[in-house]
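This report concerns only the one structure given below.
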Amino acid sequence: MEKQWLKSNKLTLTFILLGAIIFLFIIVPLFRMIFASDPGILRETLFDPEVTKAILLTLWAALIATGIGFVLGVPLAYLLARYEFRGKKIVEGLIDVPIVVPHTAAGIALLFVFGRNFFMGSAFNSVGIQFVDSTAGIVVAMLFVSIPFLIDSAKEGFKKVDVRLEKVARTLGASSWQTFFRISFPLAWRSILSGNIMMWARGISEFGAVIILAYHPMIAPTLIYERFETYGLTYSRPVAVLLILISLIIFVVLRTLVQRGKQR
Amino acid sequence: MEKQWLKSNKLTLTFILLGAIIFLFIIVPLFRMIFASDPGILRETLFDPEVTKAILLTLWAALIATGIGFVLGVPLAYLLARYEFRGKKIVEGLIDVPIVVPHTAAGIALLFVFGRNFFMGSAFNSVGIQFVDSTAGIVVAMLFVSIPFLIDSAKEGFKKVDVRLEKVARTLGASSWQTFFRISFPLAWRSILSGNIMMWARGISEFGAVIILAYHPMIAPTLIYERFETYGLTYSRPVAVLLILISLIIFVVLRTLVQRGKQR
Amino acid sequence: MIRVRNLWVDLGEFVLKDANIDINHGEYFVILGPTGAGKTVLLESIAGLYPLKEGRIWLNDEEVTKLEPEKRGISIVYQDQMLFPHLSVKDNITFGLRIRKMKPAEIERTLSWLAGLLGIQHLLSRKPDTLSGGEKQKVALARALSVKPRLLLLDEPLSALDPNSREILQRELRSIHEEYRVTTVHVTHDFEEAIALADRVAVIGDGCVQQIGTPEQIFRQPGSEFVARFAMVRNIFRGEVVEGEDGDARFRVDGVNLSVVTGHRGQYHASLRPEDIIVSHAPFPSSARNSFVGRITGIADKGSTLLLTVKVPPDFVCLITRNSFDAMALSIGDTVYLTFKASAVNIF
Amino acid sequence: MIRVRNLWVDLGEFVLKDANIDINHGEYFVILGPTGAGKTVLLESIAGLYPLKEGRIWLNDEEVTKLEPEKRGISIVYQDQMLFPHLSVKDNITFGLRIRKMKPAEIERTLSWLAGLLGIQHLLSRKPDTLSGGEKQKVALARALSVKPRLLLLDEPLSALDPNSREILQRELRSIHEEYRVTTVHVTHDFEEAIALADRVAVIGDGCVQQIGTPEQIFRQPGSEFVARFAMVRNIFRGEVVEGEDGDARFRVDGVNLSVVTGHRGQYHASLRPEDIIVSHAPFPSSARNSFVGRITGIADKGSTLLLTVKVPPDFVCLITRNSFDAMALSIGDTVYLTFKASAVNIF
């Protein structure tokens with residue numbers, strides 16, 4: 001309430017106008033495409049086995065990436081929220097790098113490390129996991145581009161948990177593990193969940209890094225690209241609409257639910 | 001300093017181990033590829049006119065997108081930081097949607113709206129601007145996928161400026177415009193600048209949305225993809241390394257400078 | 001002169017209802033209320049920084065209810081100063097003058113006057129985050145005075161300071177006001193601060209104005225239980241005023257009759273300040289009409305003074321100095337005599 | 001018994017140096033210091049929640065310097081309570097018991113004992129964010145006591161409360177301590193709070209322990225200017241102790257000789273509490289050895305009491321009650337006599 005102090009003066013009106021332009025620029029393409037779609041064709045597309053397979057693969061691969069990110073990213077987020085050390089800013093900067101590394105270049109870098117003939121690729125290959133043109137490759141690409149969102153969100157969540165709550169728990173007899181699982185984690189849970197949702201959605205969105213590692217099996221963004229290249233806009237549109245709807249549902253709906261819960 | 005209270009117990013060690021895995025997963029591919037590069041080939045690649053042209057186009061298009069984002073996004077960020085209104089959470093959610101919309105699907109949506117035969121595309125076409133296979137198309141695609149980063153960062157910046165500083169300025173005789181330009185904007189400047197850097201870097205990284213709208217003129221991520229498809233990993237690598245270096249410099253170096261300045 | 005009429009301010013969580021306040025030209029007016037009573041919002045409403053739900057405000061006979069804040073000529077100083085962190089002390093103080101595009105020479109003159117007045121000449125080139133709390137508050141005050149406001153609003157200006165700076169700045173506020181007579185509205189939750197500074201005090205609480213009066217009136221004649229509690233009147237009784245045999249009023253509580261001076265009869269409250277009760281080992285002859293014997297049931301040490309709880313049957317809280325306490329060698333269980341004047345009892 | 005030896009705590013911005021403190025079993029020990037003097041860090045260091053730079057800590061003859069906090073048996077209560085927001089009041093209080101895997105029946109017994117002791121039975125199923133400040137602090141106290149700590153640390157437990165709740169909880173703290181004698185270390189910046197609660201007080205400031213003693217000693221015989229200022233001794237003089245003609249000591253300041261009781265000679269400070277000075281219109285015969293005449297130059301109204309500044313030549317600040325002030329009809333410029341005992345002057 002405190003925030004609503006400005007009267008609707010010229011500044012506010014100008015800003016509303018400018019802000020509306022960029023807001024419309026974001027939502028009009030998405031909603032116009034969704035609402036211009038023929039529901040019949042959409043339904044048909046949904047039952048196209050190639051489409052179904054691609055979408056399920058996308059959701060599944062992104063979910064695995066999110067799971068791996070959760071197990072490895074949450075501990076890192078906790079450390080970054082609680083400790084100060086030399087070079088922390090640099091570590092934090094590097095963690096955000098995947099957001100801004102050009103996607104195809106990221107794909108090349110991952111291929112270079114995880115490809116059959118290289119380094120870790122050959123190590124994994126010896127235990128039967130290979131990354132080129134496989135689901136594992138898709139997961140790795142998705143994990144790489146989407147992990148910063150989970151780490152950043154979980155870190156903010158842990159930062160909001162007063163360290164003195166943990167201190168009190170310790171004095172009451174809780175070990176550092178008990179303190180983490182009974183106090184820190186439950187209290188940061190909503191931020192961690194938001195981060196997971198964001199990470200999952202971001203994984204689904206990836207294209208550039210994935211096609212370098214694995215054009216096949218085909219994920220939905222690749223399928224859209226292939227249909228666009230082969231048949232043109234009209235045939236790629238229904239798949240795009242479906243995928244946008246799925247992203248919107250995962251992102252806006254789940255996130256809104258999480259935030260609504262936050263306000264009790 | 002306050003944060004360093006935990007002793008190095010088992011929890012911390014376990015978390016450091018888990019965190020290190022994901023951290024290495026992020027940085028090893030990037031640095032290994034950079035350090036494995038032959039500097040001679042890199043230099044040669046840098047003077048390849050096709051590469052130079054693509055990189056400059058990428059930087060330039062992302063810069064224009066950032067400029068447009070700055071003019072339109074900062075006012076929106078200010079409004080979101082200062083006002084409460086019904087559905088604000090939904091607006092904020094929608095602004096973040098471009099981060100998670102699958103890139104190729106975003107490209108299809110933008111093509112649908114900005115293509116010659118559609119809606120806004122034809123309007124712009126009548127004044128001589130067209131988006132398909134043009135720099136304008138690249139800018140639009142980059143703007144779409146990168147604007148949320150600027151808005152979110154600027155919003156956080158404005159939120160940190162105590163609204164009472166603006167109130168004091170008003171009582172001292174400053175109009176709402178003077179207050180914005182003399183108080184709010186300068187005080188949020190570092191966050192806005194970080195947002196701009198992030199937006200620029202994210203623009204440079206885009207591939208999926210751009211190739212749908214404009215395969216040509218070719219931006220660097222597209223060039224990497226084309227060389228990969230045509231000649232394989234070895235020939236695409238030097239371009240990828242160059243682009244990663246540029247992203248790293250823009251992102252890590254500029255961001256570190258901004259943050260160092262913040263600590264006076 | 002400031003007139004505030006029928007002010008309703010909606011704070012989301014609660015509403016400040018129907019506030020009416022008149023402040024005289026040149027007056028030092030203190031608004032006293034507990035934390036969270038909407039005092040800041042009241043000030044911001046007067047300054048045009050907070051949307052009114054209802055009500056009208058006049059400043060020197062001009063209605064300013066709908067005027068933009070920058071056109072009201074009302075300055076505000078916040079508890080946490082709100083100095084512009086990116087500007088030097090000098091630029092903070094001259095902000096309002098530069099906005100007005102005043103001539104540099106004139107700006108310099110005003111600046112050196114203010115710096116001299118508040119003794120902050122040596123701070124002018126510093127950045128706000130290098131100043132102590134007291135220094136910051138002086139700069140904020142200088143900045144507020146720089147534009148020669150018609151009304152100066154002070155929002156808990158002393159609360160965030162340590163006791164030493166607080167005393168110094170309190171004296172400073174008083175002497176600046178005596179010299180320049182800027183109409184001032186000072187908001188605080190500190191009763192002593194109000195007493196020390198105010199020409200008049202308004203007590204607000206529970207979302208409304210409880211009482212307006214001189215510090216003396218608030219102190220001696222609280223008009224409600226809320227005000228009495230706030231003024232640390234520790235003896236508040238609920239009882240009945242009846243006619244005594246001599247025709248004078250008696251206040252009856254717990255079977256004890258206090259002589260009081262009032263025209264009221266019926267159910268009322270009585271308040272009695274702890275320092276108005278004289279404690280002695282034996283009854284002594286005096287003009288004071290009330291004298292009771294009781295037993296000490298509690299002693300609370302306040303440093304220079306102590307509070308005794310004496311059970312008569314109603315519990316009386318009495319303040320005595322440490323010297324008297326030591327001299328009388330009092331301890332719990334002792335029997336003592338309480339003596340106080342009929343006029344010391346306030347009926348409301 | 002707690003022994004703290006040579007404690008150095010590094011706070012980044014400053015260092016608490018070489019602190020030595022002994023606290024007796026069952027004692028209520030108050031650490032008094034200005035905000036930001038490192039009081040919280042000192043407590044957290046004792047509880048093992050903050051890394052020591054140097055120093056050793058013993059608890060009942062067991063050295064705990066390197067012990068994990070969960071194994072020390074030390075509870076802490078913070079100013080802002082730090083109740084676990086996701087747990088009910090009941091689950092907050094029983095957290096430590098459930099961690100210990102205590103039997104449900106025993107947990108219930110402890111819970112109902114604590115709820116009864118603090119009068120919070122009606123709050124048990126509520127969530128912390130629905131409680132008032134005073135209620136929260138009681139719950140935090142119950143949670144800290146639930147594990148039967150060997151040492152209870154209270155970090156400004158009353159500072160965030162409104163005056164009413166503060167008085168109530170202060171009484172509660174005192175009575176719980178009297179009943180159960182849990183060794184308690186209570187940190188505060190409030191001098192009155194320290195006096196009211198402490199068995200002994202340690203004053204810390206400028207990064208070191210300034211003085212340790214009973215409240216009476218801190219109050220009457222401050223050992224440094226820092227402590228004297230903190231105890232609101234308003235008369236602090238720097239001067240010379242010389243031999244008088246009668247062989248007794250005199251303290252010479254601004255050409256005035258005060259009779260004092262001390263074996264010291266040379267440059268010293270003298271402190272004199274404002275309430276120890278008797279103000280009168282005329283000199284009067286008494287055993288007090290110091291009597292001076294001066295002019296009133298300042299009057300500060302504190303409500304029940306007033307502070308007079310009297311220029312002798314050195315300025316004396318004297319405390320008088322409002323009753324005396326009214327009776328004597330004093331005003332600025334009046335000539336008054338000041339009388340005080342030689343033993344009231346503290347030399348350090």
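Values below: all heavy atoms of this structure, side chains included; hydrogens, waters and symmetry mates excluded. Order of the sequence lines fixes the chain letters, A, B, ..., with proteins taken first and strands second; residue numbering starts at 1 for each chain.
D:Gln79 contributes atom CD, which lies 8.0 Å from atom CZ of A:Arg164 (distance to the nearest 0.5 angstrom). In this structure, CE on D:Met82 lies 11.0 Å from CD on A:Glu166, to the nearest 0.5 angstrom.
In terms of heavy atoms, A:Ala174 sits closest to D:Ile99 at CB-CD1, 3.8 Å. When every heavy atom of A:Ser175 is checked against every heavy atom of D:Glu70, the shortest pair comes out as CA-OE2, 3.3 Å. When all heavy atoms of D:His86 and A:Arg182 are compared, the pair lying nearest together is NE2-O, 2.9 Å.
Contacts of D:Tyr78 with chain A are made by side-chain atoms alone, with heavy-atom separations under 4.5 Å and no backbone atom involved. Only the side chain of A:Leu187 comes within less than 4.5 Å of a heavy atom of chain D; its backbone N, CA, C and O stay farther away. For D:Leu153, no part lies under 4.5 angstrom from a heavy atom of chain A.
Under a cut-off of 6.0 angstrom, the local environment of CH2 in A:Trp60 is sparse, with at most 12 non-hydrogen atoms contributed by other residues, nucleotides or ligands. Other residues, nucleotides and ligands contribute more than 12 heavy atoms inside 6.0 Å of the CG atom of A:Leu46.
Contact check for D:Ile76 versus A:Lys167: no side-chain heavy atoms found under the 4.5 Å cut-off. Looking at heavy atoms from C-beta onward, A:Thr171 lies out of side-chain contact with D:Ile74 at the 4.5 angstrom threshold. Looking only at side-chain heavy atoms (C-beta outward), A:Val168 and D:Phe95 stay at 4.5 Å or farther from each other.
For the pair A:Arg170 (side chain) and D:Glu68 (backbone), a donor-acceptor distance under 3.5 Å is absent.
Each of D:Pro149, D:Pro85, D:Ala47 has some count of heavy-atom pairs under 4.5 Å with chain A, and the biggest count is that of D:Pro85.
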